[in-house]
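Note sheet for the following structure.
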There are 2 protein chains.
Amino acid sequence: MAASLTLAVSTVIFALRPHPETAHPALWLPLVRRIRSPHKGLWALPGGPLGPAEDLAASAARNLRETTHLAPRYLEQLYAFGRPDRSDDRTVSIVYWALVHADEASAGLETENVRWFLADALPPLAFDHSLIVEYALWRLRNKMEYSRIAAAFLGETFTLSELREVHEVVLERDLDPANFRRQVESTGLVVPTDEFRTGGRHRPARLYRHDHSIELADNGPLSGR
Amino acid sequence: MAASLTLAVSTVIFALRPHPETAHPALWLPLVRRIRSPHKGLWALPGGPLGPAEDLAASAARNLRETTHLAPRYLEQLYAFGRPDRSDDRTVSIVYWALVHADEASAGLETENVRWFLADALPPLAFDHSLIVEYALWRLRNKMEYSRIAAAFLGETFTLSELREVHEVVLERDLDPANFRRQVESTGLVVPTDEFRTGGRHRPARLYRHDHSIELADNGPLSGR
DNA sequence: AAAATAGTGTCTATGAGACACTATCTG
DNA sequence: CAGATAGTGTCTCATAGACACTATTTT
């Protein structure tokens with residue numbers, strides 16, 4: 001049995017980067033071009049075989065680093081895909097999803113076979129990767145509503161407007177600034193600092209930071225895994 | 001790589017059966033005794049290697065049937081466990097969890113190496129199976145609060161008291177009958193019939209049935225998988 | 001009639017959301 | 001001062017929960 005089955009780990013990596021037209025933040029993800037059959041030439045999720053003594057999450061983080069030269073700010077297992085017809089060679093893929101903070105350096109690291117795409121304008125993907133991305137987007141949006149994973153897209157400190165914008169971009173809808181502020185403040189998961197963001201042509205906004213003692217998302221008994 | 005790695009599918013199977021002391025319904029799950037090393041003699045989750053052309057969920061359902069002689073009323077992927085130190089022989093386990101309706105027939109099918117245990121009084125389990133069961137319980141309780149999976153524990157028709165009792169047993173807390181009734185009725189996922197459950201020394205209760213056109217739980221883009 | 005559960009009515013506290021308003025910066 | 005966003009106040013509506021009450025059966 002073992003000899004006829006391949007176990008791979010793939011990762012759906014999300015980052016916020018400016019939209020090329022509007023310059024507003026948008027959701028992007030990196031894909032790699034397949035350089036061999038099957039589906040040669042098509043874009044696919046970064047991933048590869050699991051190392052002999054490698055943890056699943058470590059394998060996802062390694063692929064993420066090799067593809068984007070970034071470290072994951074949030075990493076969570078998505079699902080295991082194993083339908084016999086999903087590839088020619090009976091591959092079971094354990095898929096993770098990750099949030100990264102895409103800085104300017106990493107943005108220039110695209111190559112012939114690694115390219116970032118707008119999440120809402122993806123090319124046709126190899127295998128069942130289109131379904132996988134769709135599911136990852138669903139999970140991301142779900143989790144954005146009841147956890148603090150938005151923090152993974154931001155720096156150490158941020159204004160409430162910046163935090164709200166992350167939510168708005170991911171959820172694809174506008175949020176009321178007043179209500180958003182109250183909701184975030186009432187959780188106590190965000191801590192005001194003494195500093196302000198100046199520079200806009202308007203009143204400076206107070207900077208906040210996240211309470212690091214609390215995890216970005218509650219994954220129950222698996223939180224430490 | 002493939003030759004040194006084993007992929008197994010295991011399943012956490014839940015059923016409601018009477019508690020041996022109180023006779024009230026309680027949460028049970030079946031375990032199988034390991035008959036070989038490692039952890040020989042310890043109880044473990046039912047499972048086994050994935051068939052060469054077998055779907056992951058089909059493998060879980062097969063193991064479930066072979067262990068309990070029952071068909072799953074609800075089946076969902078739980079998580080893939082793959083820490084290198086979780087077993088001696090580098091096994092990655094893709095774990096499912098299932099709800100079954102344990103009838104009288106299946107209850108008598110215990111053998112020397114298959115036994116049902118109360119979910120809150122499990123023996124020490126092999127490998128990381130204790131953690132896995134803990135996580136499955138967490139997911140079950142979570143999902144019980146916002147989906148209709150309770151239906152999987154009941155027959156075609158049921159009273160709202162019976163439905164409430166399922167929730168109470170799983171969530172381990174009492175629910176207000178009046179509020180529970182209104183919440184369930186307001187979802188529209190439950191349909192009143194013209195029949196009543198008589199026999200108690202009290203007013204007969206109307207029987208309801210579930211709307212089969214709606215899935216027990218919303219798993220997003222994966223609902224059909 | 002008593003006991004028990006079925007089922008209804010209603011009050012309160014809480015939170016989401018709409019939206020008007022004030023505050024304070026830049027240009 | 002005009003324009004913009006920061007930040008506050010407040011109203012409404014929907015929902016969760018507590019709990020009193022009525023309805024209908026069996027014994």
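Since this is a predicted model, take the numbers as computed values, not measurements.
As a whole-Å value, the separation of A:E145 CD from C:dG17 P is 9 Å. Spacing between atom CD of A:E185 and atom C1' of D:dA6 amounts to 11 Å, rounded to whole angstrom units. To the nearest angstrom, P of D:dT8 lies 9 Å from CZ of A:R182. Atom pair A:E162:CD and D:dT5:P shows a separation of 13 Å (rounding to whole Å applied). Here C:dC19 presents its P atom at 20 Å from CZ of A:R181, a figure rounded to the nearest Å. Residue B:L163 contributes atom CG, which lies 12 Å from atom P of C:dA6 at whole-angstrom precision. Put simply, CZ on A:R173 is 11 Å from C1' on C:dG17, counting in whole angstrom units. For the pair A:D174 CG and D:dT5 C1', the computed distance is 15 Å after rounding to whole Å.
Contacts of A:T187 classified as side chain to side chain donor-acceptor pair (under 3.5 Å), with partners at least two apart in sequence or in another chain: none.
Among the atoms of the strands shown, only primed sugar atoms or phosphate atoms (P, OP1, OP2) are found under 4.0 Å from some heavy atom of B:S161.
Taking the six-membered ring where the residue is Trp, B:Y135 and B:W138 present parallel rings, their angle staying beneath 30° rather than reaching 60°.
Taking only side-chain atoms of B:F196, from C-beta outward, the nucleotide of D:dT27, C:dA6, C:dG7 with the closest atom is C:dG7.
In this structure, a donor-acceptor pair under 3.5 Å is present between the side chains of B:N179 and B:R182.
If you find the closest nucleotide of DNA chain D to A:N179 and to A:H202, the one lying nearer the 5' end belongs to A:H202. A residue-by-residue look at A:P204 and A:D176 shows that A:D176 has its nearest nucleotide of DNA chain C further toward the 5' end.
Judged by distance alone with a 3.5 Å cut-off, a donor-acceptor contact links the side chain of B:R203 to the base of D:dA23.
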Between B:F14 and B:F153, does a side chain to side chain contact (heavy atoms under 4.5 Å, CB included) hold up when you go through it step by step? CA-CA 9 Å; B:F14 293 111; B:F153 284 132; 4.1 Å; yes
